[in-house]
Colleague: 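Handing you this structure, nothing more for now.
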Amino acid sequence: MDFLSNRWINNLIVCWFFIGVSCNSVEKKIYVHLNYTVPCVRLLNATHQIGCQSSLSGNVGVLHVLESEGDLDWVLRSGPNPPYMVILEPPLFNRSIMMKLKNSSGRVAGVAAVAINTNPPPDFSPHNTCPNENTGVYSENYDPALAHCNKTVWNPLGNGLSYEEYDFPIFSLNDDNDTQVIRQCYWDHNRAVNGSTPQYPLCAMQLYSHMSAVTDTATCMRRNDINFSISPEVVCDPLGDFNVWASSKPLNNTAKGHKMGESVVIAAARLDSRSFFFDIAPGAESAVSGFVTLLAAVHALHNATQEAPPNRTILYTFFQGETFDYIGSSRMVYDMENKQFPVDLDNVHSVLEIGQVGFAAGSGLWLHSDPVSRRNSSVNDTVKDLISNLRSAAADLNVSVDEPRVSQPLPPSSFQRFLRARPIPGVVIEDHQSQFTNSFYESMYDNAEYLNISYSPDLTPEKQLETVTDTAKALTDVATMVAQALYKQAGGAESQLSSIKADALIVTQMLYGFLVKSNNSWFQQLVSSELMGHLNDRPPNLYVGVTQQSSVPTLLVQHLLANLTGSAINITQDDCQNQREDKDDKENKHMYSYLWVQGVAPPNNTTREGFCVRSTVRLSKALSPAFDLQQYTSQDYSTWTESRWKTIKGRIFLVASHELEMFTLGVGVSILLMSLLLTYIISLKADILFSSGREPTNATY
Amino acid sequence: MNLERLPNEEKLSLCRKYYLGGFAFLPFLWLVNVVWFFQEAFLKPTYTEQLQIKTYVKRSALGLVLWVTVLTTWITIFQHFRAQWGAVGDYLSFTIPLGIP
Amino acid sequence: MTASVFFGCTFIAFGPAIALFLFTIAREPLRVIFLIAGAFFWLVSLLLSSLVWFISVQISNKDSAAQQKGLLIFGVVLSVLLQETFRFAYYKLLKKANEGLLALSQEETMPISIRQLAYVSGLGFGFMSGAFSVVNILADSVGPGTVGIHGDSQHYFLSSAFMTMAIILLHMFWGVVFFDACEKQRWWAVAAVVISHLVVSCLTFQNPEYVGSLVPTYIIMFLMGVWAFYSAGGSLRNLRLCLSCIDKDFLLANHRPR
């Protein structure tokens with residue numbers, strides 16, 4: 001739009017004022033807003049703050065597209081117009097460059113990393129080398145030799161970028177158009193042609209990500225509670241969500257604590273992941289592979305556990321927030337210890353956890369167990385049983401199963417939190433012997449492509465949904481193995497084993513829903529109408545988030561689990577949502593939970609025919625006990641909180657040279673002074689100047 | 001109110017009221033007293049009540065200076081050490097700045 | 001940093017108007033009242049023209065560029081005509097008000113002459129129209145960005161400020177000439193004011209060729225200024241007299257200390 005006319009702008013202002021739409025054409029001439037950016041946000045724990053923040057009014061810097069590491073000198077030393085806003089291509093987003101930028105003492109205003117979906121670098125893990133180092137079972141007291149990943153460094157590729165603190169904003173540019181506009185603006189205005197300094201006006205960028213919380217969790221929780229100021233403000237929220245669990249036979253959920261004569265086998269998987277940036281956490285290998293396998297195993301076990309129930313109950317648990325010092329599992333163990341859960345630790349017979357299994361076909365499966373608790377012979381016997389069950393189940397399948405060295409500790413896993421409470425026999429299934437096979441652990445590249453889940457582009461979404469990928473086939477085998485082993489471990493009849501088979505179609509559909517598009521026809525019919533609104537054409541974000549907002553993956557797993565293990569019953573929507581089967585039913589809600597799902601629309605009709613699903617699926621709080629106990633400096637429990645913020649946005653624009661600005665001011669001041677002087681003189685002489693008219697004295701001026 | 005139009009006795013009583021009022025932790029009354037009565041006390045030709053007014057103005061000024069010093073010292077100390085004091089600093093603050101230790 | 005641009009542009013746009021207000025208007029309450037009333041009249045004219053604009057935009061075809069351009073020209077012309085109509089209405093009102101004032105006051109002469117009224121009301125018009133044309137530009141001049149990412153000239157703020165200054169001064173001159181013409185019933189002069197106003201407004205269609213709009217505007221402003229000077233009772237002789245007496249004063253001032 002051009003500067004057309006003063007009156008034109010007047011008209012527009014008044015017009016827009018009437019319509020009530022705020023739209024400013026001058027603002028549009030100056031700024032280009034970035035459409036889809038993802039910030040890195042500030043997280044806090046008992047001792048540290050990590051992540052990024054901008055100043056309250058946003059950080060402004062001249063754009064510089066970093067082309068190579070050698071180019072860094074321009075940003076850090078030689079460039080004449082600091083501070084710089086550095087645009088990083090994916091291969092350059094690494095520790096050495098980020099650390100140099102971090103220690104640049106004010107020459108860096110911020111960093112924007114270009115996100116790519118194809119051809120990622122060969123490896124990138126912004127996580128620690130030893131995930132959840134201090135909250136697992138391997139402390140100095142448990143076994144000094146195994147503490148702090150002394151024996152095995154699980155994630156040697158981890159560069160720890162996610163756990164650094166930056167005093168400038170870091171954004172991920174996820175929109176190709178944004179990236180293109182930024183590059184173009186840089187090329188047009190900022191590019192130094194063979195050594196010369198670029199001329200003003202220069203292209204600059206402003207990033208807003210001001211974080212309210214600071215220092216550590218104790219400080220921010222204390223500030224949350226101080227509310228005698230005029231506008232008390234919450235500055236941070238604990239990370240957390242809900243665990244999802246179900247049991248192979250209904251357990252009375254109202255009677256908490258020890259259940260006499262009950263013995264449960266826990267089958268566990270984790271639900272969450274993270275990456276350097278706030279809401280991109282695909283977690284394909286690190287979380288999805290495990291919980292999809294467990295979901296498929298649950299489905300496979302459904303018929304057998306109904307027709308020939310084994311002696312022991314199988315408890316399927318999906319832990320949320322495990323990335324941040326085992327929030328979900330530590331809470332469930334805490335609840336079991338404090339009689340807040342339908343069973344307690346005495347009821348637990350053994351634990352089978354499914355970790356990262358996405359590469360089972362290539363690297364085989366490894367059955368990890370804890371060497372310390374296995375020194376106890378009874379524990380050792382149960383572990384051996386479990387391993388032999390798994391081995392025998394695998395024998396008929398296309399899966400190779402092996403055990404790592406006996407002295408090797410457990411990889412990072414929820415099971416460690418159970419061991420921390422007491423020596424419980426258990427096995428963790430992983431696709432790696434020692435260090436992770438996953439070279440993108442907790443990064444944005446741990447996505448569908450990395451698991452080789454790709455579809456030919458000419459397939460419709462419906463066809464893609466039904467295409468059984470190789471990864472799905474491999475995971476189906478793992479699920480079958482897990483299901484059979486669980487059934488045997490629970491004391492089920494041998495005769496049933498052959499009927500326990502996981503369904504490859506369901507596995508591939510789940511992988512599609514969690515890694516490609518959550519908004520697909522299969523998910524749509526299995527979820528409630530409220531959850532339907534949260535489905536979109538991207539994979540769901542597996543970052544656990546704060547307790548106030550329910551996380552979409554949790555609810556998706558809850559609904560999937562209910563549909564895969566429950567049964568449709570013919571009751572009204574009202575009764576279903578009130579957790580009862582008819583008006584006078586007060587008993588069933590203790591044993592079952594009821595979910596109203598959308599169902600499918602019959603042909604030539606658009607309204608879906610919803611129905612009620614009765615299942616044993618429950619949600620249990622996954623909030624770290626540290627927040628219930630108000631021990632914000634706890635060594636035992638997760639203390640992670642997420643800072644609140646007000647605006648997250650980025651925009652690019654040109655900045656004028658200092659000379660032009662000063663020139664404008666100079667012209668303004670001199671015009672003001674000159675007109676003051678002139679008017680003063682004229683008003684003094686007005687009598688003489690305007691005296692010839694007919695009117696007497698003191699004319700206009 | 002125009003001091004010019006006031007009889008001298010009332011000036012004195014007004015000045016005394018302001019002076020005494022300042023003791024109720026209201027240093028701004030002393031400030032007003034000093035500014036308002038400065039001319040009366042030091043620049044006007046002498047009259048009987050002036051001596052008394054002078055005393056009040058001087059004392060108000062002294063009290064004001066005391067207040068200013070104490071407040072400035074406290075504010076400087078508080079601003080400088082608030083972050084280090086941690087919890088105490090937070091409980092002493094009325095509004096806590098966001099995103100700053 | 002970019003606060004300097006904000007203050008620079010403000011001083012350019014409103015510097016002369018502020019100076020005039022300070023030295024010739026602020027001291028006399030009656031003039032302040034008439035200035036604000038003048039500004040109010042301009043506002044009412046803007047309200048009417050924006051209402052018409054709002055309705056016509058709703059009716060028009062939003063996809064047709066030619067129609068939108070035509071609508072824009074129509075809007076500008078209508079707005080100018082409305083402003084001049086309101087100037088006339090204000091003139092009529094002031095005549096009435098002046099009679100009333102004369103009746104109230106004990107003295108024989110009017111408390112404020114019609115020439116003074118012309119100047120004051122013109123400046124009132126100028127203040128308001130200047131404020132409306134530049135305020136949202138000023139708001140964005142605070143930064144951190146400057147115009148130009150879409151290829152516009154970076155002298156946008158500067159030229160807008162200069163344009164606003166011209167508009168304010170022009171409104172003042174138009175006021176003087178217009179009222180004088182009405183007093184003397186010289187309708188061709190009224191027409192000249194309206195036409196020059198139209199021309200200046202349409203010159204802004206030249207933008208973003210800022211030179212193409214600013215130079216003619218300043219030429220028109222200069223001519224209108226001379227005209228206004230004459231119709232306010234000034235003459236070359238007076239000017240010469242004035243300049244010479246400045247010299248005299250100057251000499252006197254230099255002599256006195258001795």
Side-chain angles (χ1 to χ4, degrees), chain A residues 39-44 46-59 110 165-170 207-237 630-633 641-648, chain B residues 1-5 17-36 38-39 43 60-101:
Chain A
C40 129
V41 301
R42 176 172 284 170
L43 303 178
L44 309 104
T47 50
H48 288 78
Q49 55 178 2
I50 62 167
C52 327
Q53 91 155 343
S54 77
S55 69
L56 191 57
S57 52
N59 282 20
E165 194 220 332
Y166 308 88
D167 57 1
F168 48 75
I170 303 177
L207 297 179
Y208 289 87
S209 66
H210 182 256
M211 298 291 146
S212 301
V214 78
T215 312
D216 53 33
T217 293
T219 305
C220 83
M221 291 306 284
R222 183 176 68 230
R223 289 181 181 184
N224 284 348
D225 294 338
I226 297 178
N227 48 12
F228 55 78
S229 86
I230 308 166
S231 54
E233 260 189 277
V234 177
V235 293
C236 68
D237 301 298
Q630 304 204 335
Q631 293 172 351
Y632 303 129
T633 50
T641 48
E642 181 189 280
S643 169
R644 287 202 178 180
W645 58 84
K646 297 206 169 88
T647 27
I648 296 284
Chain B
M1 203 188 297
N2 194 342
L3 277 186
E4 303 292 326
R5 294 184 194 163
K17 272 179 200 158
Y18 270 78
Y19 167 66
L20 294 176
F23 282 105
F25 302 103
L26 298 169
F28 273 96
L29 283 187
W30 283 339
L31 175 70
V32 171
N33 208 10
V34 170
V35 172
W36 204 15
F38 188 81
Q39 261 192 326
L43 304 176
S60 299
L62 190 73
L64 181 68
V65 169
L66 206 71
W67 265 100
V68 169
T69 353
V70 169
L71 282 183
T72 318
T73 320
W74 168 244
I75 290 166
T76 317
I77 292 173
F78 179 71
Q79 290 298 339
H80 196 259
F81 292 102
R82 184 185 57 78
Q84 290 175 32
W85 288 341
V88 180
D90 281 356
Y91 292 127
L92 285 176
S93 308
F94 191 62
T95 44
I96 295 169
L98 297 181
I100 302 172

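Atoms considered below: every heavy atom in the structure, side chains included; atoms not considered: hydrogens, waters and symmetry mates. A note on names: the letters A, B, ... follow the listed sequences, proteins ahead of strands, and every chain is numbered from 1.
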Colleague: Heavy-atom pairs under 4.5 Å with chain B - which of Met211(A), Arg222(A), Gln53(A) has more of them than the others?
Modeller: Arg222(A)
Colleague: Select one option (side chain, backbone, both, neither) describing which atoms of Thr215(A) are under 4.5 Å from chain B's heavy atoms.
Modeller: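 Contact with chain B involves the side chain of Thr215(A) alone.
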Colleague: More than 12 foreign heavy atoms under 6.0 Å from CZ of Phe28(B): is that the case here?
Modeller: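 It does not: Phe28(B) CZ has 12 such atoms or fewer within range.
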Colleague: Using 0.5 Å steps for rounding, measure from the CZ atom of Arg223(A) to the CD1 atom of Ile96(B).
Modeller: 5.0 Å
Colleague: Looking at Glu165(A), I'd like to know if its CD atom is crowded, meaning that more than 12 non-hydrogen atoms belonging to other residues, nucleotides or ligands lie closer than 6.0 Å.
Modeller: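 Count over threshold, so yes.
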Colleague: Looking at side-chain heavy atoms only, is the closest gap between Leu56(A) and Leu98(B) below 4.5 Å?
Modeller: no
